[in-house]
There are 2 protein chains.
Amino acid sequence: MATIKDVAHRAGVGVSTASRVIRNKGYASEEVRKRVEQAVADLEYLPNLLARSMRGAPTKTIGLLIYDIVNPFFANLATGVEDMAHAHGFNVVICSSHPWNSREREKSYMQMLIERKIDGLVLQHVFSSEEYASLLERRNLPAVRILNPQPGYPYDLVRCDTRQGTIDLIRHLIGLGHQRIAALGPPMPSFQGADRLAGYQEALQSAGVEVDRSLILLEGWRTRDGYNMTHRLLKETRPDAIFAFGPRIAAGAACALREAQVRVPEEVALVCVDDFGLGSELHPFMTVVRQPEHEMGQQVTQLLIDRILGTYIGPPREVVLPARMVVRQSCGSKRKESEQAQSQPQENSHEQRWDDD
Amino acid sequence: MATIKDVAHRAGVGVSTASRVIRNKGYASEEVRKRVEQAVADLEYLPNLLARSMRGAPTKTIGLLIYDIVNPFFANLATGVEDMAHAHGFNVVICSSHPWNSREREKSYMQMLIERKIDGLVLQHVFSSEEYASLLERRNLPAVRILNPQPGYPYDLVRCDTRQGTIDLIRHLIGLGHQRIAALGPPMPSFQGADRLAGYQEALQSAGVEVDRSLILLEGWRTRDGYNMTHRLLKETRPDAIFAFGPRIAAGAACALREAQVRVPEEVALVCVDDFGLGSELHPFMTVVRQPEHEMGQQVTQLLIDRILGTYIGPPREVVLPARMVVRQSCGSKRKESEQAQSQPQENSHEQRWDDD
DNA sequence: TGCTATTCTGGCAACGTTACCACAAAAAAT
DNA sequence: ATTTTTTGTGGTAACGTTGCCAGAATAGCA
């Protein structure tokens, strides 16, 4: 662990001179420059960022606090953040507070990020406690939000219009002749849930389909919840279609349907919001509405960096990106039936789908 | 951004006293303790970790450097690392150097991690340059490895016996009557690839099946590669089964098979190493060999923390965990056919599969 | 030759924290 | 009564870096 002192000594110069050469700032003769650079190479010197930051230098690091890195949605989001951050010379510290609201980790990560003096923060969490907001404010640490606003605090926000996306999806189902469409989601004080529920109701009403409250079950986001809700649903009625608010719910529903020997899409259609990552590459089956995760990650990072660099100063901005429907086979569309022999013409070309390089 | 000086001043004590109270170490009267704690609360003081670390204190942070957080394998691995790290009071900085060997990011992240003075490092990368090893050595920064050894450097290692796992998988195929089994993998100087190729050949030989070199294609890990290899393969021959070295390859293969109108599993069986994350929850189709990612993450972190704390000092350890075969439907097993009506009895109960809470 | 610019160099303070020391007061042991 | 130990407190020096300043050497210009 060589320090700048070692470098200076080895090059036979003072520390300030070495510092100037290393940072390439200020005067230094060619002669001295060479010697210092040689010493840096010899000692494999890397500056101590901690010490630098203590003098007030930015850490060039941003934090990303999300629920669950295992969820492909967040994973894609994270790569979007990383891509944009890197383009601006920032590094990203990903903190996955972990499945389902582990408050303890949320707090631990918030403190850790602040203590380590990051330059800014991308937040997906809705704070479980208001104390966090005041923590950020007091240090005036720039923060931006993804997905959900933080009620009462005016951060920049990038979100996706899943309400409209849901409307598209439900209209698609109605267009295929489905009328009794069930909705499976989380319990209701929920931002993401509310958008989808609103879209669901709006699409039905505008199509003149009555909203049947017994078709709406709101119990949770997990696979387990989707499974339970579907079983309960099937005990009472037989819907034409099931709209799951998220992919885990849809996966649980699919399992319950299999167990009940109800065939998808022949007997019931199944759709959801957000995609299945690798699973959709393997077997492009489920018709979904996709949020543009990667782009959302990039955009929110751009907003944050604007704030960090002071490029933008002003009232909070809100960027709303459209959701994109991907029609596949899980609703037994007419199109699909008529073109069954061909290789899913309704799916985008695979060239576009595979961005794994 | 209150400092300890502010706290001390507000409490009417010296900085050392404040420090002692905050760290709960050394003497302090009840009276003073109260006042300092009140000041901490009032000012929302959080210690500056940077400054602490400059005095030589451990940062209680470990770095995790992986290829691709979007891959569910790595995502699960990461949560394993986080779980164990948290259990010991460490935080984790995840750095996803990103799809397919972005050397630039690898380097940038290595430097960033070292500069930020983490306590230890979990590495999955095989260094693209030897300079990294010497970097770590010189700072004697503890590091451990996951998946692959670093040739020439004796780090602790946790890996999975994918050779044996592959043997199980191929034997399973042979047991179902498949003889002409194709292998699709990456180009050959590859650790992971070599294990799987070896297992493949070993299983065939021990079953008395001749290894046909024209059935072995080694072009890459990507979906695109699997797609291309499969098309090329089908142009020349028609195998009984396809063994993909990884899930992306399998996904590409599945796509090519669909396009060629070859049905899985009726006409050709398809298996691979590693699972499909959410996709397998939705549609448990592909028979795979799974590495215990989460456990691997936990174990490797335990090894690292042993090194950091000095609990273990000695020669490098190697932990080899078994792979687990998950039989599903993609090889048209006899079992599956005979029990078709039932709900996948060969799959573990969903209670075990769903760990999303 | 002098005089001001320009280029180059190194010493020193400061960032926020803690380890170490010195000292004072109280408590305990002689 | 004294010495020793325990308890409580605050000052100071580092950690590695950079900004600021002072000064030396060189160059440019009368």
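Only heavy atoms go into these numbers, but all of them, side chains included; no hydrogens, no water, no symmetry mates. Quick note on labels: first sequence line is chain A, next is B, and so on, each numbered from 1.
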Rounded off to whole Å, could you give me the [atom1]-to-[atom2] distance for the [X] and [N] pair?
X       : N      : atom1 : atom2 : answer
A/Glu31 : C/dT9  : CD    : C1'   : 13 Å
A/Glu30 : C/dT9  : CD    : P     : 11 Å
B/Tyr27 : C/dA27 : OH    : C1'   : 12 Å
A/Arg33 : C/dT9  : CZ    : C1'   : 13 Å

Item to complete: Anything under 30° is parallel, anything over 60° is perpendicular, the rest tilted; go ahead and classify B/His125 against B/Tyr67.
Response: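 B/His125 and B/Tyr67: tilted rings.
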
Worksheet item: Do B/Leu157 and B/Val320 come close enough that some side-chain heavy atom pair is under 4.5 Å?
Response: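 No. Closest side-chain heavy atoms not under 4.5 Å.
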
Discussion item. Check this for me: does any side-chain nitrogen of one of A/Arg145 and A/Asp156 sit under 4.0 Å from a carboxylate oxygen of the other?
Written reply: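 Answer for the salt bridge query: no.
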
Worksheet item: Salt bridge or not for B/Arg33 and B/Glu37, using N-O below 4.0 Å?
Response: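 Salt bridge: no.
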
Practice prompt. Check every strand shown and say whether B/Ala8 touches a base, only sugar-phosphate, or nothing at a heavy-atom separation below 4.0 Å.
Written response: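 Result for B/Ala8 = nothing.
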
Worksheet item: Checking all strands, does A/Ser29 fall into the base, sugar-phosphate, or nothing category for heavy-atom contacts under 4.0 angstrom?
Response: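 Sugar-phosphate contact only.
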
Fill in: Main-chain N/O of A/Thr59 paired to A/Asp119 side chain as donor or acceptor, under 3.5 Å
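Flag set: sc A/Asp119 to bb A/Thr59 pair under 3.5 Å.
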
Worksheet item: Are the aromatic rings of A/Tyr109 and B/His86 close, with centres under 6.0 Å apart?
Response: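 Distance test on ring centres: under 6.0 Å, yes.
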
Fill in: B/S/- contact track for nucleotides 16-22 of chain D, protein heavy atom under 4.0 Å
BBBB---

